[in-house]
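The block underneath contains the structure these notes are about, expressed in structure tokens.
Labels below follow one simple rule: chain letters A, B, ... track the order of the sequence lines, proteins then strands, and each chain is numbered from 1. Here the structure is a predicted model, which is why all the values come from computation and not from measurement.
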Number of protein chains: 2
Amino acid sequence: MKYSRRTTPLKQTEIQGHHCSVDVRLEKLSKVAFFRELQQEQLDKINEHFRAAHIQKGEPVYHQGEEAKQLFVVVHGAVKLIHHTTEGKDILMDLLKPGEYFGGLPVLGDENYAETAYAQMTSCVLSIGAVDFEQVLHANPSVAVNLIEITTRRLKQARHRIHQFTTWPVEKRITSVLLMMGEKFGEDRKDGILIQVPFSRKDLADMTGTSSETASRIMRTFQDEGLIRSGRGWVAISDAEKLKQRYISDG
Amino acid sequence: MKYSRRTTPLKQTEIQGHHCSVDVRLEKLSKVAFFRELQQEQLDKINEHFRAAHIQKGEPVYHQGEEAKQLFVVVHGAVKLIHHTTEGKDILMDLLKPGEYFGGLPVLGDENYAETAYAQMTSCVLSIGAVDFEQVLHANPSVAVNLIEITTRRLKQARHRIHQFTTWPVEKRITSVLLMMGEKFGEDRKDGILIQVPFSRKDLADMTGTSSETASRIMRTFQDEGLIRSGRGWVAISDAEKLKQRYISDG
DNA sequence: GTACTAAATTGAGCCGGCTCATTTTAGTGC
DNA sequence: GCACTAAAATGAGCCGGCTCAATTTAGTAC
């Protein structure tokens, strides 16, 4: 990968027009884990309950502490969930790709949003309110069971993260996150996997519970070892296997 | 609190007979959060799906890694969930009181148990298998929604714990756990709140992600400041308000 | 009361990673 | 290509808490 003039390898997302066309909406709704198994007709009806919004990069979808009144689905782009701590630090809870949902509703046990949701890149999100969602629930009972499953999976992930924070050194944590990001947002190229979403050192630090200086140092090491390439706000994994072998398998 | 001869202040639980009498079972089942709102008749029917087991102190209910086939409810005693890490450390995920459930089922998204469940004291637990539970689900649709709510609440707790591990010093973490234990298992006495469940330094350390030596040192400090009293496997909080004010509010 | 022992305590060296400060540079606009 | 600047990198001092080792003692059995 050679840059004659330095430009980010990330795809530009300032595509003209609205990204929330019906086709794309329906496609992404069908990918929402708790709507799986539903027929096209059912999805069409559900789609009617959702409203679309176009969010500029860096803009919030909702703020931490606000009353939880809506569920959201990423249709295009990426959304980052940040918990702002009382100590003035940020914890990056998750970075969501199209088809993933976020937000909260009273019926699901949420009172206030525990985090602020930001568009990591220009994004299109769909939202549904409490009354509409309960209608969807009643009309499609399988949705409730699927929701339990997904919430349980998220709970397991959160618990695994507790494990990581308790016992894993920072290198290992960073490796784990890079590999996860490669799987979730990675674009295969002949020279590796480009994580096709803006992802800065601060994001990495906030997601692994370390400082951005430490994240930077470790990324420097990985780069010097030929395991990754990176620049301002982007990362490409040159050798995922070796990265995993060297920093995860060692224990 | 004066001990003429050193004996633990904890109640002895080697009560003769079986603790899983129908009255107690029904009472604790009605306290399970996802069975709330059900009528006595419904609870009677649900009770028929559960089997009882008597577990000796220190014995496991199930092992980490086993196939998840049952949900359990604590009727009497206390159950501790320990995740054994590959690094040889233990993470105390939760300490459950009567009325709380644990375990897992495929329908809820579980494949294997992520932790080993141990009886922290002689306990009586009820269990239900996959087929029975799905029947309960179908007969009582509100159970599914309640389950989402509870799982969501557990997810929030887990995420709060990530926040704590990321930014809180150990004193603050230990304080938080002591206060939580006081609320959950505390017995009010004129000289404070006795945590009426065995709770060692190792338990405290495993629950706060620190070493037992560090837990011991901090408890020594709290003791010297008159905030707690403790002995082998027991803790009493002498001044919860001051403990909170001094180690949590300071930020 | 004595004997016992595992839980709790204590001492001390070590280090991973933090904070603070400064410098370098990737990537954009023109 | 030049100018700019915020993201990334680098240096260095500091310390919270870990690990290892040894000692003390809470609570039980008899």
Sugar-phosphate only, base, or nothing, as touched by A/S212 at under 4.0 Å among non-hydrogen atoms: nothing

Under 4.0 angstrom between B/S211 side-chain N/O and D/dG17 OP1 or OP2: no

Euclidean distance, atom CD of residue B/E171 to atom C1' of D/dC18 [Å, nearest integer]: 14 Å

Between P of D/dA9 and CD1 of A/I228, the distance in whole Å: 8 Å

Exceeds 12 heavy-atom contacts within 6.0 angstrom, atom CD of A/E183: no

Atom pair distance, as rounded to whole Å: CZ in A/R229 and P in C/dA26: 13 Å

Stepwise side-chain hydrogen bond (donor to acceptor under 3.5 Å, both in side chains) check, B/R201 with B/S230: CA-CA 10 Å; B/R201 293 295 184 272; B/S230 68; 2.8 Å; yes

Contact under 4.0 Å: A/R220 side-chain N or O vs D/dT10 OP1/OP2: yes

Any side-chain donor near an acceptor of the partner, B/D203 and B/S200, under 3.5 Å: yes

NZ (A/K89) with more than 12 external heavy atoms under 6.0 Å: no

Residues, nucleotides or ligands: over 12 heavy atoms within 6.0 Å of B/E111 CD: no

Any A/K172 side-chain nitrogen or oxygen under 4.0 Å from OP1 or OP2 of C/dG17: no

Side-chain N or O of B/T214 closer than 4.0 Å to phosphate OP1/OP2 of D/dC18: yes

Separation of D/dG27 P from B/K57 NZ (nearest whole Å): 12 Å

Geometric cation-pi criterion A/R154 and A/F102, 6.0 Å radius, 45° cone: no

Separation of atom OH in A/Y247 from atom P in C/dG16, rounded to whole Å: 14 Å

Separation of atom CG in A/L10 from atom C1' in C/dG27, rounded to whole Å: 11 Å

Protein-nucleotide distance (A/E213, atom CD; C/dT22, atom C1'), rounded to Å: 11 Å

Per-nucleotide protein contact string for nucleotides 1-8 of chain D, where B marks a base within reach and S marks sugar-phosphate only (heavy atoms under 4.0 Å, - for neither): B----BBS

Under-3.5 Å donor-acceptor pair between B/R217 side chain and D/dG16 base: no

B/A215 vs A/W168, nearer the 5' end of DNA chain C by closest nucleotide: B/A215

Donor-acceptor under 3.5 Å (A/R173 side chain, A/W168 main chain): yes

Gap between atoms CD and P, on B/Q223 and C/dT9 respectively (whole Å): 7 Å

OP1 or OP2 of C/dC18 under 4.0 Å from side-chain N/O of A/T210: yes

